[in-house]
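Since the structure is predicted, the reported quantities are computational estimates derived from the model, not experimental observations.
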Amino acid sequence: MSWQSYIDDQLLAAGFCYASINGHDGSLWACSKGYTVLPEEATKLANLLGGTSLDSIAAGGFMLAGQKYAYTRGEVDDDEGGVPFLQGRCKEEGKSSQGCIVMRTSQAVIIAVHDPAYSGGATFGKVNIEIARIADYFVESGF
């Protein structure tokens with residue numbers, strides 16, 4: 001399966017409106033049409049999720065594809081071996097229902113944005129399960 005298939009056939013099909021897969025170095029592996037996560041944004045998130053704390057974004061949030069997100073929750077050191085992740089809520093006026101999930105695997109950062117208006121009825125919980133399933137598969141496959 002190509003990297004683009006994970007975007008089109010899995011993440012977007014699950015109810016995300018935008019998605020991107022980037023390497024830890026910020027390189028683009030695949031993305032949804034019209035959605036560009038900047039290399040420095042992807043690298044910053046990969047480094048944060050590879051560290052020991054998300055405190056540096058707790059107050060100021062983070063950027064994805066040029067949009068500001070408030071950090072809502074995340075975990076980098078799951079005792080049960082879960083994939084490091086963070087979630088955020090868009091801070092742009094009129095887009096506060098838009099949320100994002102970022103997961104760090106061995107070599108990649110999987111980034112996806114959910115907006116109930118464009119999800120086809122998919123809840124944030126449902127899309128969260130889908131991105132976690134893909135992230136677990138990447139880890140099991142060495143990516």
Atom CZ of R73 and atom CZ of R89: how far apart are they, to the nearest 0.5 Å?
12.0 Å

Same cluster for I21 and V109 if Ile/Leu/Val/Met/Phe/Trp/Tyr side chains link at under 4.5 Å?
no

Minimum side-chain heavy-atom gap L28-S20 below 4.5 Å:
yes

Of all the heavy-atom pairs spanning Q107 and G142, show the shortest one and how long it is.
NE2-O, 2.7 Å

Any donor-acceptor pair under 3.5 Å linking the side chain of T123 with the backbone of K126?
yes

Nearest heavy-atom contact between A30 and I7 is CB-CG1, 3.8 Å

Sorted by chain and residue number, the side-chain contact (heavy atoms from CB on, under 4.5 Å) partners of P39 (sequence neighbours excluded) come out as none

Does the pair I57 and L48 meet the rule for a side-chain contact (heavy atoms from CB on, under 4.5 Å), with working shown?
CA-CA 9 Å; I57 61 169; L48 279 167; 3.5 Å; yes

Result block: side-chain N/O donor-acceptor pairs under 3.5 angstrom for residues 81-88, not counting sequence neighbours:
none

Quick one, Y35 with F16, criterion side-chain contact (heavy atoms from CB on, under 4.5 Å). Give me CA distance, side-chain angles, the key distance, then yes/no.
CA-CA 12 Å; Y35 186 70; F16 286 108; over 6 Å; no

Please tell me whether V76 and I101 are part of a single hydrophobic cluster in this structure, the criterion being side-chain heavy atoms less than 4.5 Å apart.
no

Pairs touching residues 40-66 that satisfy side chain to side chain donor-acceptor pair (under 3.5 Å), sequence neighbours left out
S53-D55

For the residue pair N22 and I111, what are the closest heavy atoms and their distance?
OD1-CD1, 4.1 Å

With sequence neighbours left out, write down each residue that passes side-chain contact (heavy atoms from CB on, under 4.5 Å) with A70, or none if nothing qualifies.
K91

I'd like to check the side-chain hydrogen bond (donor to acceptor under 3.5 Å, both in side chains) partners of Q4; sequence neighbours left out, ordered by chain and number.
D8

side-chain hydrogen bond (donor to acceptor under 3.5 Å, both in side chains) involving Y18 - partner list, sequence neighbours excluded
none

Can you name the ring pair (Phe, Tyr, Trp, His ring centres under 6.0 Å) partners of Y69, sequence neighbours left out?
F62

Same hydrophobic cluster for L12 and V113, using side-chain heavy-atom links shorter than 4.5 Å among ILVMFWY?
no

Are L11 and F138 linked, directly or through intermediate hydrophobic residues, by side-chain heavy-atom contacts shorter than 4.5 Å (ILVMFWY only)?
yes

Beyond-backbone contact of C100 with Q98, side-chain heavy atoms, under 4.5 angstrom:
no

Which heavy atom of G26 sits nearest to which heavy atom of A42, and what is that distance?
CA-CB, 3.9 Å

Listing request: all side chain to side chain donor-acceptor pair (under 3.5 Å) pairs with a residue in residues 129-139, at least two apart in sequence or in separate chains.
Q10-R133, E130-R133

Shared hydrophobic cluster for V139 and L49 (ILVMFWY, side-chain gaps under 4.5 Å)
no

State which residues pass side-chain hydrogen bond (donor to acceptor under 3.5 Å, both in side chains) with T105; sequence neighbours excluded, sorted by chain then number.
none

Any chance you could pull the hydrophobic cluster mates of I129, using side-chain heavy atoms under 4.5 angstrom and chaining through other members?
none

